[in-house]
Structure formats: structure tokens, C-alpha cells
Amino acid sequence: MANDIKDIAHAVEAASVMRLFASPPRMLTLGEPTHGVDAPLRLRNALFRQLVEQEGYRAVAVESDCVAGLLVDDYVTTGAGALDDVLARGFSHGLGASAANRELVCWMRAFNDGRPASDQVRFAGFDGPLEMAWAASPRETLTALHRTLTVHVDPGLIPCTAETLDRLLGPDDRWTDPAAMWDPSASFGRSAEAGGLRLLADDLGALLHAWAPHLIAATSRDAFDRARLRARAASGLLRYHHAMADASPSRLARLTGLRDQMMADNLLALAERGPVLVHAHNSHLQRDISSMRMGGQRLEWWSAGAIARTCLGEEYGFLATAFGTMRHQGVDVPPPDTLEGALYALPAETCLVNASEAAVALTATGPVRRTSPYFGYAPLDPAQLARIDGIVFMKDVPED
């Protein structure tokens, strides 16, 4: 094994990635240490394109609203909708404004054009219908799920009418009030109506599962999977709203954990269909427990990647991205006794490093520390290298 880090740096390409694994992972994830920068997303696009074209991956999932993402999937598979509208409404967190995400969607559409459905690459969001300042109303997901069941299942088995759902849901702004993110008393999540909806969401989801054979035969596997997605999203949203009304000191930690639980459930459902490529923040994909500071507290929760890995085992692969400089956001040349500093000394502008070999090489050079992250940017922790498969390194990240 190489004992000098310069000997273990390779080009960021599909062949180099595949050499990290005994067999291609069913779920291959690529993290990033911050959001809102297009240069690493373009590197992601190039790598994912190779993995689709050369290794047969046929799904791409990103850290965006799972329900809104259905619009993007329709566009890349059938051309439905106008591109600008799809980008505006099909992504959450402002990700549709990214030029790199536009390029990804356009490439997927071009790749799929003229291909049979069985060979098309699919798009998915795997985040919950959430934003940093609010959570969506469960109206869209619950009513769509109810409508699907009403059309295809004996009406006597449906646990409620559409009118009952509408009455319990009420106006959407009772759910989406931004004040509820920091003020539990502003949340509608523990009202009697919300409690009734949680029970109905559970009943509707159970009925969907019980009638799976009929629903798949009457519609399609794809339509059934979309109904399952809406059932997960409805139940997940109602759990999240319930937690938003929690006044205990554990409130924020519970919310972050619930979000990643929703992410993990969506990722595992995608993996049932076949191999999937995933992109999100490192903290959502790592195998370790995640942490951050918010509202003056240190929060800890198990990431979506850690949860998914418990189900997938060695079929889960994780590539972490690390940056050298990002000067327009205040990230200067990293100190030489950090992981990023050792990688910055390499001549290549971008490279892929086997994480376990990097751990050995860094041990030979002496102690390596982690620099303190600031909000929104998280350097890699050298102590976690044993639980990372590979590191994608960008030496200097330019402003878009």
C-alpha cells in the first residue's frame, strides 16, 4: 500500500470510483461540504454521467423535495412541462436556480430521448417537503393518496371521505407559518385535527400496502411507487409538524433526526428499484452520527446514510467531497496539518483518493487535525476516514 498521499491520488472518473469497491454499490453516494456552489456540482454531473453511461446506474437522487421532484422526473423521462417551470417548481431549497442543476436535468432529458422506459435514467428528490424556515402542508400528499385509493379500492374500505380530510387539513397557512420553526406554540402539529390526520395517514398507508397487488396490476409499478412516496411524505410531514410543536430541549435534535429519517426511507425505496446515485451534503450521507450547532445548541442525529447503510451493508458506498480554498466564502488555504492541507499539496486541481489508503499515508506523516467548521461549511474529520470509501477533492473552488 502506498505510504505517500501523492501516490494514491487518481482522476475523478467512473473507473477510479469502481476500483474502490469489491462490486458496484447499489447505492453510491457523493457528499459535499457546503451548498450553493456550482463548481462541485459540475464535477458531480461529469462523474454521474460516466457512471450512468459506463456502469449502468439508472437513477439520480438529490437533496431536494421528494414530491416536487416528480415534476423533474416527468420532464426527464417524457419531456412534460417547460424547463424553466420544472426547475422553479421541481426543486426545493432554491436548487432549481443552479446552472449546474439545469445542466444535469438537460443532460438526463437528452440521454433519455428515444430510449425505452426500462433503460431511462430517472430523477428523484429524496428530502422531505421541507424548507429551513417551514414545513409543507400535508394536503397535497394526503389528498393524492386518498384519490388513488378511492379510484381503485372498494369505497367501504376507505377510512374517511375527501370532505373529512379537507375539514381536518383546513387552510394551508396554518401548517406553513414560518414562526413555528422557532416557536413551538405557533405550530399546528399537536392540534386535535393534526392528531386525527396522523391516524388517517397511517390507515391510508396501510390500505395502500394491503392492496399493492391489485394497485400495481390496475395501474403500474411506477404509479404504485409514486403513491408509496406520497404516503411516506404525508406520514413524515405529520410527524415533523408534531415535533415542531414540541417545547422540550430536544426539539431541534428531534427535527433534524426526523428529516434524515424521511431521507433514508426515500433512498431505500429508490434502491428497491435498482442502483442509484445520490448527491447531498456530507452530513446527510456519512456513516457516522451527524452534528451541527443551531439555536445555540449542539445537535446530534443519525444521518440518512448511516440509516440506509444499516439496511444495505456493503451495498452502500460513500464518497465525501473536500475543498481546499473557497476564497469567496472565506475559506483560505488549509493548514498543512489538516486533511485538506495534505490534499492541497497535491498538484492536481481535482482528484479521487482512497480514504483508507489516505488514513495510512497521513498516519505516517504525523498527527492530523480537523479545522473548526463555520456554519455552512464542514471540513472532513480525519477520525472518520475508516468509514469513508473515497474522497473527491477540489483544490480551489471558484465563485460561480
Side-chain angles (χ1 to χ4, degrees), residues 63-74 81-82 84-97 124-151 158-205 207-208 226-247 251-252 254-256 258-259 261-263 265-266:
E63 185 185 337
S64 184
D65 181 340
C66 59
V67 179
L70 297 175
L71 291 173
V72 185
D73 187 54
D74 285 341
D84 287 345
D85 183 62
V86 166
L87 290 167
R89 297 195 299 122
F91 286 87
S92 56
H93 317 313
L95 296 177
F126 70 94
D127 203 350
L130 312 170
E131 293 290 351
M132 286 296 293
W134 52 271
S137 164
R139 173 180 298 280
E140 179 182 357
T141 50
L142 272 178
T143 54
L145 175 61
H146 184 273
R147 187 163 52 249
T148 295
L149 291 169
T150 300
V151 170
I158 309 297
C160 66
T161 64
E163 291 73 21
T164 296
L165 272 186
D166 186 63
R167 175 178 57 80
L168 293 174
L169 286 162
D172 286 347
D173 58 8
R174 66 171 31 165
W175 300 95
T176 57
D177 183 357
M181 181 51 68
W182 297 105
D183 179 6
S185 67
S187 171
F188 189 67
R190 296 199 176 182
S191 63
E193 293 91 339
L197 288 167
R198 290 187 76 187
L199 292 174
L200 288 174
D202 183 69
D203 286 345
L204 290 168
L207 184 61
L208 181 76
R226 288 184 169 215
R228 286 177 64 203
L229 182 153
R230 291 185 171 97
R232 290 192 304 273
S235 292
L237 274 172
L238 287 162
R239 280 193 298 269
Y240 195 88
H241 280 289
H242 186 264
M244 289 180 80
D246 176 15
R251 177 179 184 268
L252 291 176
R254 181 169 291 112
L255 288 172
T256 54
L258 285 173
R259 181 187 176 197
Q261 181 185 334
M262 282 189 267
M263 289 182 171
D265 289 345
N266 287 327

Could you tell me if the side chain of [Y] sits less than 4.5 Å from the side chain of [X], heavy atoms only?
| X | Y | answer |
| --- | --- | --- |
| Leu197 | His241 | no |
| Arg226 | Thr148 | no |
| Leu169 | Thr143 | yes |
| Leu237 | Leu130 | yes |
| Trp182 | Leu252 | yes |
| Ser235 | Asp202 | no |
| Asp127 | Phe91 | no |
| Leu208 | Arg230 | no |

Out of curiosity, [X] [atom1] to [Y] [atom2], how far, rounded to the nearest 0.5 Å?
| X | Y | atom1 | atom2 | value |
| --- | --- | --- | --- | --- |
| Arg89 | Asp84 | CZ | CG | 12.0 Å |
| Leu199 | Leu238 | CG | CG | 10.0 Å |
| Asp203 | Ile158 | CG | CD1 | 10.5 Å |
| Asn266 | Cys66 | CG | SG | 4.5 Å |
| Arg167 | Thr164 | CZ | OG1 | 5.5 Å |
| Met181 | Arg251 | CE | CZ | 7.0 Å |

Could you check whether any side-chain N or O of Thr141 sits under 3.5 Å from a backbone N or O of Pro138, counting only pairs where one atom can act as donor and the other as acceptor?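 Answer holds: yes.
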
Phe126 backbone acceptor or donor facing Glu63 side chain under 3.5 Å: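 No, because the side chain of Glu63 does not come within donor-acceptor range (under 3.5 Å) of the backbone of Phe126.
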
How close do [X] and [Y] get, counting heavy atoms only, and between which atoms?
| X | Y | value |
| --- | --- | --- |
| Arg174 | Leu168 | NH1-O, 3.5 Å |
| Gly205 | Leu145 | N-CD2, 4.3 Å |
| Arg190 | His242 | NE-O, 2.9 Å |
| Gly189 | Ala194 | O-CB, 3.5 Å |
| Leu142 | Leu165 | O-CD1, 4.0 Å |
| Ser92 | Asp65 | OG-N, 2.8 Å |

Can you list the steps and then say if Asp177 with Trp134 is a side-chain contact (heavy atoms from CB on, under 4.5 Å)? CA-CA 7 Å; Asp177 183 357; Trp134 52 271; over 6 Å; no

For the pair Asp172 and Arg139, find out whether any cationic side-chain nitrogen is under 4.0 Å from an anionic carboxylate oxygen.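 Yes, Asp172 and Arg139 are salt-bridged.
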
Working note: Arg198 + Arg239, criterion side-chain contact (heavy atoms from CB on, under 4.5 Å); need CA distance, chi angles, decisive distance, verdict. CA-CA 8 Å; Arg198 290 187 76 187; Arg239 280 193 298 269; 3.4 Å; yes

Glu140 atom CD: more than 12 heavy-atom contacts under 6.0 Å: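 No.
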
